[in-house]
Each structure stands twice: as structure tokens, then as C-alpha cells.
Amino acid sequence: MTAVSVSKDAAPTSEDLVVLSKVNKHFGALHVLQDIELTIGRGEVVVVIGPSGSGKSTLCRTINRLETIDDGAITIDGLPLPQEGKELARLRADVGMVFQSFNLFAHKTVLENVMLGQVKVRKVEKGAAEEKARQLLDRVGVGSQADKYPAQLSGGQQQRVAIARALAMDPKVMLFDEPTSALDPEMINEVLEVMQQLAQEGMTMVVVTHEMGFARSAANRVVFMADGRIVEEATPDKFFSAPRSDRAKDFLSKILQH
Ligand SMILES: Nc1ncnc2c1ncn2[C@@H]1O[C@H](COP(=O)(O)OP(=O)(O)OP(=O)(O)O)[C@@H](O)[C@H]1O
Ligand SMILES: [Mg+2]
């Protein structure tokens, strides 16, 4: 991978980049996020783990306002999440998101996929957008696929394009929701390596994953969720060697058997 630096704001106002305070959310009767308090520092890599249905995806989706919250507050870089319109589009660009399914535009080439948001949202001139897209595609190891359509790529390649597309917006933070769980085993590492590299370069990242190897090697902090609550948070070393809560112990005993 070539070294393209991840751009950050020149004058950070605070070490806290993403702050959730007293966040609550219901889906009907289900209290899916309960009094969530979470602060993510600039350059920090937070891995979120927990049983299915514990609210991990919902938590991620609130951070770029794909889901609204009932009460509490979320700020990014000191500013509350915008409600709608252009400001919301800007927020979505500032908060890059990579999902389990790759969500690329099927009728656009790989290169066009990585150019589109730059031109439409960031108002970058086409030539510059193309140059940046090619650099990013090289960086994630799919530069030679630029003129193909997503369906012509493997799952691992598509997911790396999705990462490049998010990075093209110069996001302040990247959210990853189980980015490798739809991939065949042999493609998981090529995606994790790109994420590992990003982490090393100082990108602020929130990563929902079952890849405990990634959590151990890349995370500054592990956040364990159960039933809509953050039950435990600790460094990976502490969390994996000495989980405190019964829920975490039980969860780890199940996943570490695999
Ligand atoms: N749009 C929705 N409407 C109603 N209920 C929802 C909606 N989205 C999620 N839920 C419910 O909220 C709970 C939390 O879901 P969420 O997807 O955040 O869990 P998760 O921790 O990401 O689980 P998984 O590990 O299976 O991805 C689940 O019980 C789910 O069924
Ligand atoms: Mg989920």
C-alpha cells in the first residue's frame, strides 16, 4: 500500500471526537439503547462486541444518524448531529461507514463509486476526484480493478472499494459494522489488513466485529454490549484476559471456542 496520509482537521479543538451522552432509543417496546455513555478520542480505535441483538449496529447507525435517538446527545467534533438537509449529507461524509454488505453502486464502475461522493458532496473537481480515487484504490490494493463494475470483483475486493469510497470523503471517523462477516474466509484478512493499516495511520475507528484477533491487535479499547447497555469497557488485554461481568465471561467462552 502506498502511503496516502489520512487527512484530519488542522486544528483539533478537543481530544474527544465522538461523544454519546445518556443516549436512549426504543424500537416500539424494545429499549434498544439504554443510557449509553461513550466517548471516542481522536485517533482511537474502539471495537464493539456483544451478543446478537445487543444493539451494536443500532449504536453505529445513530452516530451517522441513520437512526434517530429518543433522548440524550451525540456530538462529533464538538457539534451536535445535524437534523437534515445539506448538513446531514456533510455529516454522513464526515462519518464514513462500511457495512457487512458492500453497498456499492452496481451500475457505476469501481472508480466512479469512489469519485461520486467527492464530486457531489465535497464539490471536488472531477480530475482531482479521479486522482484521489486512484490513489485510494491503489492503497487498498485494487487499483487494477478501477474500470470494472462491482459485480466483477470478489467480496473482499468490493469491501476494500467500499473502504476507499468512505476514505475519499476525508472522514473524521470511520464506522465498520461487521465488515468481514459476509466474506469467504480467505478474503477476511485482506480486508482486516487494510483496516489495521488505517488504525496505525491514526484514523479514528469504531469497529463492530467478531474478529478477536483484530480486536487484540488494533483496538485501544473494547466495548462490550448486552441488552442495549454498555456492560464493560477495557483495553483488549484486560478484557480478554480478565473480563469482569458474567455476561462478558459467558460471551467470550462461547466465541473463543470457535
Ligand atoms: N428498524 C428496526 N425496527 C425494529 N427493531 C429493530 C430495528 N433494528 C433493529 N431492531 C432490533 O433491535 C435490537 C438490536 O439490533 P441491532 O441490529 O442493533 O443488534 P446487533 O447487536 O447489531 O446484532 P447482530 O450481532 O445480530 O448484528 C434487535 O432486537 C433488533 O431486532
Ligand atoms: Mg449488527
Side-chain angles (χ1 to χ4, degrees), residues 18-38 40 45-74 76 81 83-84 88 91-92 95-104 155-156 158-159 162-163 166 173-185 187-188 191-192 195 205-216 218-219 221-234 236 239-240 243 245-258:
V18 181
V19 180
L20 288 84
S21 44
K22 290 212 169 74
V23 168
N24 282 280
K25 178 172 183 67
H26 295 77
F27 284 123
L30 180 69
H31 197 172
V32 62
L33 296 178
Q34 305 188 28
D35 292 324
I36 299 290
E37 299 277 343
L38 180 64
I40 297 154
V45 177
V46 172
V47 164
V48 180
I49 65 174
S52 181
S54 56
K56 306 180 297 293
S57 295
T58 306
L59 177 74
C60 278
R61 291 165 60 84
T62 63
I63 298 176
N64 67 354
R65 219 174 176 283
L66 287 172
E67 298 285 358
T68 55
I69 58 176
D70 300 339
D71 57 59
I74 302 178
I76 297 197
L81 299 192
Q83 302 297 305
E84 57 194 9
L88 186 56
L91 169 86
R92 298 255 164 83
V95 181
M97 181 137 186
V98 176
F99 302 87
Q100 179 173 336
S101 55
F102 321 121
N103 289 338
L104 297 172
Q158 288 184 57
Q159 196 58 307
I163 294 173
V173 51
M174 287 278 287
L175 310 176
F176 293 87
D177 189 2
E178 302 202 29
T180 60
S181 40
L183 298 177
D184 291 335
M187 293 168 192
I188 291 176
V191 173
L192 292 178
M195 292 167 59
M205 295 164 63
V206 179
V207 185
V208 180
T209 185
H210 299 299
E211 295 294 333
M212 296 301 129
F214 176 84
R216 278 180 194 276
R221 187 155 44 117
V222 172
V223 167
F224 175 73
M225 286 186 75
D227 299 329
R229 289 182 186 279
I230 293 178
V231 173
E232 195 164 333
E233 33 181 330
F239 182 77
F240 290 114
S245 64
D246 288 343
R247 290 301 299 264
K249 283 179 198 164
D250 181 53
F251 178 78
L252 284 176
S253 73
K254 283 179 183 141
I255 59 160
L256 297 178
Q257 277 164 12
H258 292 294

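We count ligands from 1, going down the list as the structure has it; atoms in each ligand are counted the same way.
Within the 3.5 Å criterion, the main-chain N or O of Ile230 finds no donor-acceptor partner in the side chain of Glu233. With hydrogens and angles disregarded, no donor-acceptor distance shorter than 3.5 Å links the side chain of Lys56 to the backbone of Val207. The backbone N or O of Asn64 sits less than 3.5 Å from a side-chain atom of Arg92, completing a donor-acceptor pair. Looking at Gln159, its side chain does come within 3.5 Å of a backbone N or O of Phe99 through a donor-acceptor pair. Checking side-chain atoms of Thr180 against main-chain N and O of Leu183 turns up no donor-acceptor pair under 3.5 Å.
No donor-acceptor contact under 3.5 angstrom links the side chains of Asn24 and Asp70, judged on distance only.
In this structure, His26 and His31 have parallel ring planes: the angle between them is below the 30° cut-off, well short of the 60° mark.
With contacts defined as side-chain heavy-atom distances shorter than 4.5 Å, the pair Ile36/Lys25 does not qualify.
Around the Mg ion (ligand 2), protein atoms of type N, O or S found under 2.8 Å number 1.
The contact shell of ligand 1, taken as protein residues with any non-hydrogen atom closer than 4.0 angstrom, comprises Phe27, Leu30, Val32, Pro51, Ser52, Gly53, Ser54, Gly55, Lys56, Ser57, Thr58, Glu178.
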field: Stepwise side-chain contact (heavy atoms from CB on, under 4.5 Å) test for Phe224 and Leu252
entry: CA-CA 10 Å; Phe224 175 73; Leu252 284 176; over 6 Å; no

